[in-house]
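Just so we're on the same page: letters track the sequence lines, and every chain starts at 1. Note that this is a predicted model, so its numbers are computed, not measured.
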Protein chains: 2
Amino acid sequence: MKYLDKLRNSGLRPTKQRLQICEILFDTEKTFHFTINELDKKIKDKIDDKISLATIYNTVHAFEKKGYLKQIPINSNQIYFDTNVTGHHHFYDLKDGKLIDLENSDVGPINIKRKINGKKIKSIEVLVKLEE
Amino acid sequence: MKYLDKLRNSGLRPTKQRLQICEILFDTEKTFHFTINELDKKIKDKIDDKISLATIYNTVHAFEKKGYLKQIPINSNQIYFDTNVTGHHHFYDLKDGKLIDLENSDVGPINIKRKINGKKIKSIEVLVKLEE
DNA sequence: ACAGCTATTTAGAACCATTATAAAGTAGAG
DNA sequence: CTCTACTTTATAATGGTTCTAAATAGCTGT
Ligand SMILES: [Mn+2]
Ligand SMILES: [Mn+2]
Ligand SMILES: [Zn+2]
Ligand SMILES: [Zn+2]
């Protein structure tokens, strides 16, 4: 199994459900963005076993904690996740609610000049909203 | 009344509730960030009349539509609003969930090199997450 | 001032994404 | 194989936000 070690090495038991979700999330050429609802639909499409919604939530959160997924900061009634966990940015199309990756090279270096005492920077994310 | 014209000029009737909310939101030296829940508490503290939660939601959304407030893109179970509607950025302290303004001058110019066909850029917002 | 019209407020219900619960099932260690 | 901790699951609960529809209030024209 392709993802057995990935899971074992993170201290996550490689259950059938987790392995199937791994295939949907990580077996693709390109990375992608998704909501839980979209992932649930994709699972129903692509696999014949049923995976409960609770397990989908549990798994996505477990993967996020391990750094295999990240949330995208955006105002929406649903959480958007990203299978691209490298530092990068996003276009957000206000018309259709879709996200498009913006590579670091498309944005250029961002130099935060202000410091906050006792805190360090964990991430810098740019959201570029698009309209017609 | 200080906010009568502001409201009338936007096509919003200057009701007692809207005028009172204006005072809480816009009568301050500094701009600030808030959730609906925090605004509701502040209203209970500062004014003696009761304003229903539905009216608070209605008013905040009306003000946002008129450009007197904006939402801050961030992952949270609640929407964060900002009384600072100029283009600027934010630190987000993951420890306590608080936002701190980052002026454009603290970030430097951001040059988005990539274009999306048929779309134009409405806003560019940077979120800098802080950890210990 | 008054009538008539429309916008607004309101309490409460509904909505719905997410989280909690607790019982049944499963993986891995020994 | 057994034991235990972890995981899955159906289902309920939670909680922020939106909807509903009836009451109220601002505004325009007279
Ligand atoms: Mn199927
Ligand atoms: Mn009071
Ligand atoms: Zn992305
Ligand atoms: Zn701000």
Side-chain angles (χ1 to χ4, degrees), chain A residues 1 3-24 33-44 47-66 68-81 97, chain B residues 1 3-24 33-44 47-66 68-81 97:
Chain A
M1 303 278 208
Y3 297 103
L4 257 173
D5 291 336
K6 182 184 179 115
L7 293 176
R8 283 225 183 85
N9 294 339
S10 346
L12 297 172
R13 288 186 181 173
T15 63
K16 187 172 62 161
Q17 291 87 343
R18 283 173 177 165
L19 289 166
Q20 289 175 324
I21 292 175
C22 274
E23 281 172 14
I24 288 177
H33 309 120
F34 66 92
T35 63
I36 295 287
N37 183 48
E38 290 165 349
L39 178 57
D40 187 35
K41 285 214 226 42
K42 200 170 277 198
I43 288 168
K44 285 187 173 71
I47 68 179
D48 288 327
D49 306 288
K50 171 181 183 180
I51 300 181
S52 83
L53 188 57
T55 296
I56 298 173
Y57 273 99
N58 290 341
T59 301
V60 166
H61 284 139
F63 287 1
E64 186 199 0
K65 185 176 266 182
K66 296 301 179 183
Y68 302 143
L69 292 173
K70 67 174 184 183
Q71 292 190 24
I72 301 170
I74 199 175
N75 274 114
S76 167
N77 56 326
Q78 300 178 76
I79 303 172
Y80 277 78
F81 292 91
Chain B
M1 303 278 206
Y3 298 103
L4 256 172
D5 292 337
K6 181 182 179 117
L7 292 176
R8 282 225 183 85
N9 295 339
S10 347
L12 296 173
R13 290 187 180 170
T15 62
K16 188 172 62 162
Q17 291 87 344
R18 283 175 177 163
L19 289 166
Q20 289 175 324
I21 292 175
C22 274
E23 282 172 14
I24 288 176
H33 310 120
F34 65 93
T35 63
I36 295 288
N37 181 49
E38 290 166 349
L39 178 57
D40 186 34
K41 285 213 221 52
K42 201 170 277 196
I43 288 168
K44 285 188 173 70
I47 68 179
D48 287 328
D49 307 288
K50 171 180 183 179
I51 300 181
S52 82
L53 189 56
T55 296
I56 298 173
Y57 272 98
N58 290 342
T59 301
V60 166
H61 285 139
F63 287 1
E64 185 199 0
K65 186 177 264 180
K66 297 300 179 184
Y68 302 144
L69 291 174
K70 67 174 186 183
Q71 292 191 24
I72 301 170
I74 198 174
N75 274 114
S76 167
N77 57 325
Q78 299 178 78
I79 303 173
Y80 278 79
F81 292 91

ask   = Which distance, rounded to the nearest 0.5 Å, do you find between the CD1 of Ile56(A) and the CG of Leu39(A)?
value = 5.5 Å

Outermost nucleotides of DNA chain C that come under 4.0 Å of a non-hydrogen atom of chain A = dA17(C) to dG28(C)

query = Taking protein heavy atoms under 4.0 Å as touching, what does nucleotides 25-30 of chain D look like 5' to 3' if B marks base contact, S marks sugar-phosphate-only contact and - marks none?
reply = -BS---

task = Output all residues satisfying salt bridge (charged side-chain N to carboxylate O under 4.0 Å, His left out) with Glu23(A), sequence neighbours left out; order by chain, then residue number.
result = none

request  = Could you pull out all residues at least two apart from Thr55(B) that satisfy side-chain hydrogen bond (donor to acceptor under 3.5 Å, both in side chains)?
outcome  = Ser52(B)

query = DNA chain D in dot-bracket, Watson-Crick or G-U pairs under 3.5 Å, [ ] crossing, | other strand?
reply = ||||||||||||||||||||||||||||||

query = Reading nucleotides 9-20 of chain D from the 5' end, what letters show protein touch, with B for base, S for backbone sugar-phosphate only, - for no heavy atom under 4.0 Å?
reply = BB-----SBB--

Please table the atom pairs, donor to acceptor, closer than 3.5 Å between any side-chain atom in residues 71-79 of chain B and protein atoms at least two apart or in another chain.
| from | atom 1 | to | atom 2 | distance (Å) |
| --- | --- | --- | --- | --- |
| Gln71(B) | NE2 | Glu64(B) | OE1 | 3.4 |
| Gln71(B) | NE2 | Glu64(B) | OE2 | 3.3 |
| Ser76(B) | OG | Gln78(B) | N | 3.1 |
| Ser76(B) | OG | Gln78(B) | O | 3.2 |

note = Asp40(A) meets the side-chain hydrogen bond (donor to acceptor under 3.5 Å, both in side chains) criterion, sequence neighbours left out, with Lys44(A)

ask   = Partners of Tyr68(B) by ring-ring contact (aromatic ring centres under 6.0 Å, His included), sequence neighbours excluded?
value = none

query = Who passes side chain to side chain contact (heavy atoms under 4.5 Å, CB included) against Lys42(A), sequence neighbours left out?
reply = Ile24(A), Phe32(A), Lys46(A)

remark   = Between Cys22(B) and Phe63(B), the two heavy atoms sitting closest are SG-CZ, 3.7 Å

query = Which atoms form the tightest heavy-atom contact between Ile43(A) and Ile21(A), and what is the distance?
reply = CD1-CG1, 4.0 Å

inquiry  = As an exercise, state the distance from CG of Asn58(B) to CG of Leu12(B), rounded to the nearest 0.5 Å.
reply    = 11.0 Å

Residue pairs, two or more places apart or on separate chains, that pass salt bridge (Lys or Arg N to Asp or Glu O under 4.0 Å) and touch residues 10-22 of chain B = Lys16(B)-Asp49(B)

message = Could you work out, with side-chain hydrogen bond (donor to acceptor under 3.5 Å, both in side chains) as the rule, every residue matching Tyr57(A), not counting sequence neighbours?
response = none

